[in-house]
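Take a look at the structure below.
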Amino acid sequence: MQEAAPILLFDGVCNLCHEAVHFILAHERAPTLRFASLQSTVGQQLLRDYHLPPDYADSLVLIEGHRAYTLTTGALRLTRYLKYPYALGRLGLVLPACLRDPFYHWVARHRYQWFGKKEQCLLPTPALRARFLDA
C-alpha cells in the first residue's frame with residue numbers, strides 16, 4: 001500500500017507563509033507535497049484529525065504518514081522534499097527542539113507585524129490547483 005503524499009498546512013493569511021509556500025514550490029525535488037491553509041475546511045479537519053486546536057496558527061503543520069509535525073521539527077523535516085542545498089536543513093534536527101523552537105516562536109509571534117497579512121488565502125494557479133487540497 002502506498003503512503004499518502006505529505007501535506008503542508010500553512011497560515012493562509014500570513015504573507016511570510018505565502019512566500020514560504022512559493023519557495024517550496026520553486027525548490028521541490030519532485031512535486032510531492034500537497035498544501036492546505038490552516039483556516040480552510042480541509043485544514044480544520046486535519047487539525048481535528050491530528051488533535052491540534054482549531055485555532056492553531058502558531059506553526060506550519062507537516063503531515064507525513066500518520067503523524068503531524070509542528071514548529072522547527074515540521075519545518076526541518078519539510079526540507080527533505082527540497083533540492084540541494086536546502087535539503088541539508090534537515091541536519092538541524094540533531095539539535096534538540098528546546099534549542100530550536102524558541103527562535104521559531106519569536107518569528108511566529110512577529111510575522112504579521114514584519115511581513116503583513118492577506119485578506120484571503122493563497123489562490124493557486126490553475127497548473128498548481130490539484131496540489132492544493134482546499135482549492
Exercise for the section: Go through Ile24 and Leu78 one step at a time and tell me if the side-chain contact (heavy atoms from CB on, under 4.5 Å) criterion holds. Expected result: CA-CA 9 Å; Ile24 292 163; Leu78 175 65; 3.4 Å; yes

Practice task
Given side-chain contact (heavy atoms from CB on, under 4.5 Å), test Ile7 with Leu133 step by step and report yes or no.
Solution key: CA-CA 9 Å; Ile7 300 169; Leu133 302 174; 3.7 Å; yes

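Smallest separation of non-hydrogen atoms from Glu64 and Tyr69: OE1-CE1, 3.5 Å. Among all heavy-atom pairs drawn from Tyr50 and Gly65, the shortest one is OH-O, 3.5 Å. Residues Ala97 and Pro102 come closest through the heavy atom pair O-CD, 4.1 Å. When all heavy atoms of Leu25 and Arg131 are compared, the pair lying nearest together is CD2-NH1, 3.5 Å.
Contacts of Ala20 classified as side chain to side chain contact (heavy atoms under 4.5 Å, CB included), with partners at least two apart in sequence or in another chain: none. Thr41 is linked by a side chain to side chain contact (heavy atoms under 4.5 Å, CB included) to nothing, counting only residues two or more places apart in sequence or in another chain. Legend: residues meeting salt bridge (charged side-chain N to carboxylate O under 4.0 Å, His left out) with Glu19, ordered by chain and number and at least two apart, are absent. Partners of Tyr56 under the side-chain hydrogen bond (donor to acceptor under 3.5 Å, both in side chains) rule, at least two apart in sequence or in another chain, do not exist in this structure.
In this structure, Leu76 is not a member of the same hydrophobic cluster as Phe23, with clusters built from ILVMFWY side-chain heavy atoms closer than 4.5 Å. Note on Val107: it does not cluster hydrophobically with Leu71, by side-chain heavy-atom contacts below 4.5 Å among ILVMFWY residues.
More than 12 heavy atoms of other residues, nucleotides or ligands shown are found within 6.0 angstrom of CZ on Phe115.
Pairs passing the salt bridge (Lys or Arg N to Asp or Glu O under 4.0 Å) check and including a residue from residues 30-56, sequence neighbours excluded, do not occur.
The line from OG1 of Thr70 to CG of Leu60 is 8.0 Å long, rounded to the nearest 0.5 Å. With values rounded to the nearest 0.5 angstrom, Arg77 atom CZ is found 8.5 Å from Thr73 atom OG1. Distance check, rounded to the nearest 0.5 Å: OG1 of Thr72 to CG of Asp101 gives 3.5 Å. From Ile63, atom CD1 reaches atom CG of Leu47 across 7.5 Å, with rounding to the nearest 0.5 Å. To the nearest 0.5 Å, atoms CZ (Phe10) and CG (Leu16) are separated by 12.0 Å. Expressed to the nearest 0.5 Å, how far SG of Cys17 lies from NE2 of His22 amounts to 11.5 Å.
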Indicate every side-chain donor-acceptor pair of residues 82-95 with a distance under 3.5 Å to a residue at least two apart or in another chain.
none

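Using modelled atom types, one side-chain atom of Gln39 and one backbone atom of Gly12 make a donor-acceptor pair closer than 3.5 Å. When atom types are taken as modelled, the side chain of Glu28 and the backbone of Tyr81 share no donor-acceptor pair closer than 3.5 angstrom.
Contact of the Leu38 side chain with the Val61 side chain is registered, since non-hydrogen atoms from C-beta on lie closer than 4.5 Å. At least one side-chain heavy atom of Val13 sits less than 4.5 Å from a side-chain heavy atom of Tyr112.
Ring geometry, Trp106 versus Trp114: the interplanar angle exceeds 60°, so the pair is classed perpendicular (tilted spans 30 to 60°).
One finds a salt bridge joining Asp11 and Arg111 here, because a Lys/Arg side-chain nitrogen approaches an Asp/Glu carboxylate oxygen to under 4.0 Å.
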